[in-house]
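What follows is a single structure, written as structure tokens, with notes after it.
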Amino acid sequence: MELNYGASRQQPRQDAAMQRFREHRFGQFVHWGLYAMPAGYWQGTEYRFAAEFLQKTANIPEPEWAELAQQFSAEAFDADAWAALAARSGVKYATFTTKHHDGFCLWPSQYTDFHSGNTPAARDFIGELVAAYQRHGIDVYLYYSVLDWHHPDWRYRLESAEDQQAFKRYLDFAMNQLVELAQRYPSVKGFWFDGTWDESVKANGRWTWEVEQRLKELIPGLIVSSRLRADDLGARHRDSNGSLMGDYESGYERRLPDPWDRSVCEQDWEACMTIPQASWGYHAGPWAKRTRKSAAELIDMIAHCTSLSGNFLLNFGPRGDGSIDPEDAALAEQIGNWLAQNGAAIYGKGVATNWSYPGWGYYTQEADSETVYAVVTKWPTARRLRLQLPAGERLLAATLLREPALQLNPQELETSLFELELGNSSEETLVFELTTAAAEEQSWTEPNPDVMV
Ligand code: K80
């Protein structure tokens, strides 16, 4: 089908900027805005829903919500402290909310008064964050919500000529803001879009195409998520011919592909995840605390994404005063400590082609390398690790990544089937580095019977 605003290519980008993004594998998402102050509470009531949706869940009139800007002093905000923690957590890139659904802007935009310059803080938070994260060697991406509960011209549907005109004004406003962001922060590496699912946006595939083109003219090499895009007919992420729009698939939100689903490896993708069950903005309530994921669960997810050649974007919701919740900070340090020892299995790695999903964790590999990493996240209770190599390959060596001198004795059961005794070693997520080579003789292997596909 002939499309004017469909996918711009059929194959993944292979330029240096895209390869850099692909090698990061682990990034930090940051949701911060006015919603961090009420933190899930309104007039003493706890709302057990995403804190950044409080304006809707607590039925707060928009003008009342907008008054929160007058309390936004963020006296504990320290961009360098955020960036230093992020660096210690092992992330290689960070994506900041510049404007979420409530329309409040964390930079002094010339196109609205509803921004951080007009608060007691009177600061350009985005500018401070871009500078601080880059000082710490972390690439910066900007999140922008097209959906806007504050702007009078936002429409969910276009049911009249008046709606059409209003929404046209809104799209001009959003385009202006996006150009403004690209011009103010030209060192950013990409844009992450949200709030693009309504009928009004789907009817404007051309605008989404123009945004992608315009931003890429302003910033060469820029990376844009698929969530921005709709085509001529309103198809989202993938055009009406099934081709991916934007540069990578960004639809995995709080869920990951099945670990044996190799189809996702055909294109670049990123999954984003919350620490508590379902809040992106800071939620101070017991509900959010009870549902927190552990470092081990999150490390499992990092390895899971890497094993399918995807990136993992872990969200942090800093508190209303600009400080980071000590529990979140501790979690970031734990993940970072693990990555400091085991990052070789993650950064720059992807699917271990020809190795089937092992059930006890994940295999990762750098393309065409003879080294494969076995990330053991689910300990077999029998404490024996089966290593099923691709048919015709042999295991030359196996070492514990964080302690290569430790003597391991893999047993060869058959040409391409090995077994490692785990003994009583620790409960941590261990990584084994496996060196393989083609066996002299050809052998046949059965598919892993644990996984029926
Ligand atoms: C919006 C709407 C729904 C139903 C679920 C999540 C969201 C937003 N997307 C995430 C990336 C957050 O920004 C969340 O507020």
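Order of appearance sets the numbers: ligands from 1, and atoms from 1 within every ligand. Sequential numbering from 1 along the given sequence is applied to the chain's residues. In what follows, every heavy atom counts, from backbone to side chain, and hydrogens, waters and symmetry copies are set aside.
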Criterion ring-ring contact (aromatic ring centres under 6.0 Å, His included) on F72 and F104, from CA distance to verdict: CA-CA 11 Å; F72 199 47; F104 180 73; 5.6 Å; yes
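- Judged by the 6.0 Å and 45° rule, K202 forms no cation-pi pair with W197.
- Between the OG atom in S243 and the CD atom in Q267 there is a gap of 10.0 Å [rounded to 0.5 Å].
- Residue W197 approaches ligand 1 through these ligand atoms, each under 4.0 Å from one of its heavy atoms: 1 (C), 2 (C).
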CA sep, side-chain torsions, deciding dist, call: E180, S109, side-chain hydrogen bond (donor to acceptor under 3.5 Å, both in side chains): CA-CA 8 Å; E180 181 183 43; S109 174; 2.7 Å; yes
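- Looking at ligand 1, you won't find any N or O of R227 less than 3.5 Å from one of its N or O atoms.
- Polar contact check, W192 against ligand 1: no nitrogen or oxygen pair lies under 3.5 Å apart.
- Set against the non-hydrogen atoms of H101, the atoms of ligand 1 under 4.0 Å away are 1 (C), 8 (C).
- Taking CH2 of W154 as the start and CG of D163 as the end, the distance is 12.0 Å to the nearest 0.5 Å.
- Protein heavy atom nearest atom 2 (C) of ligand 1, with residue, atom name and distance: F53 CZ, 3.5 Å.
- With N311 contributing its side chain and F21 its backbone, the two residues share a donor-acceptor pair below 3.5 Å.
- For R206, the CZ atom counts as loosely surrounded, since its 6.0 Å shell holds 12 or fewer non-hydrogen atoms of other residues, nucleotides or ligands.
- Annotation: the span from E62 atom CD to W149 atom CH2 amounts to 10.5 Å, rounded to 0.5 Å.
- Considering backbone and side-chain N/O of W280, none are found under 3.5 Å from N/O of ligand 1.
- When non-hydrogen atoms are compared, ligand 1 lies under 4.0 Å from neither the backbone nor the side chain of Y35.
- Of the protein's heavy atoms, E52 OE2, 2.6 Å lies nearest to atom 15 (O) of ligand 1.
- Listed by number with element, the atoms of ligand 1 under 4.0 angstrom from any heavy atom of Y143 are 13 (O).
- Near H100, the atoms of ligand 1 lying under 4.0 angstrom from a non-hydrogen atom of the residue are 12 (C), 13 (O), 14 (C), 15 (O).
- From the protein, the heavy atom lying nearest to atom 7 (C) of ligand 1 is E253 OE2, 3.8 Å.
- The protein atom (non-hydrogen) at minimum distance from atom 12 (C) of ligand 1 is H31 NE2, 3.3 Å.
- Between the side chain of R238 and the main chain of S226, no donor-acceptor pair closer than 3.5 Å is present.
- Atoms of ligand 1 found under 4.0 Å from any heavy atom of D194, numbered from 1 in the order shown, are 8 (C), 9 (N), 10 (C), 11 (C), 12 (C), 13 (O).
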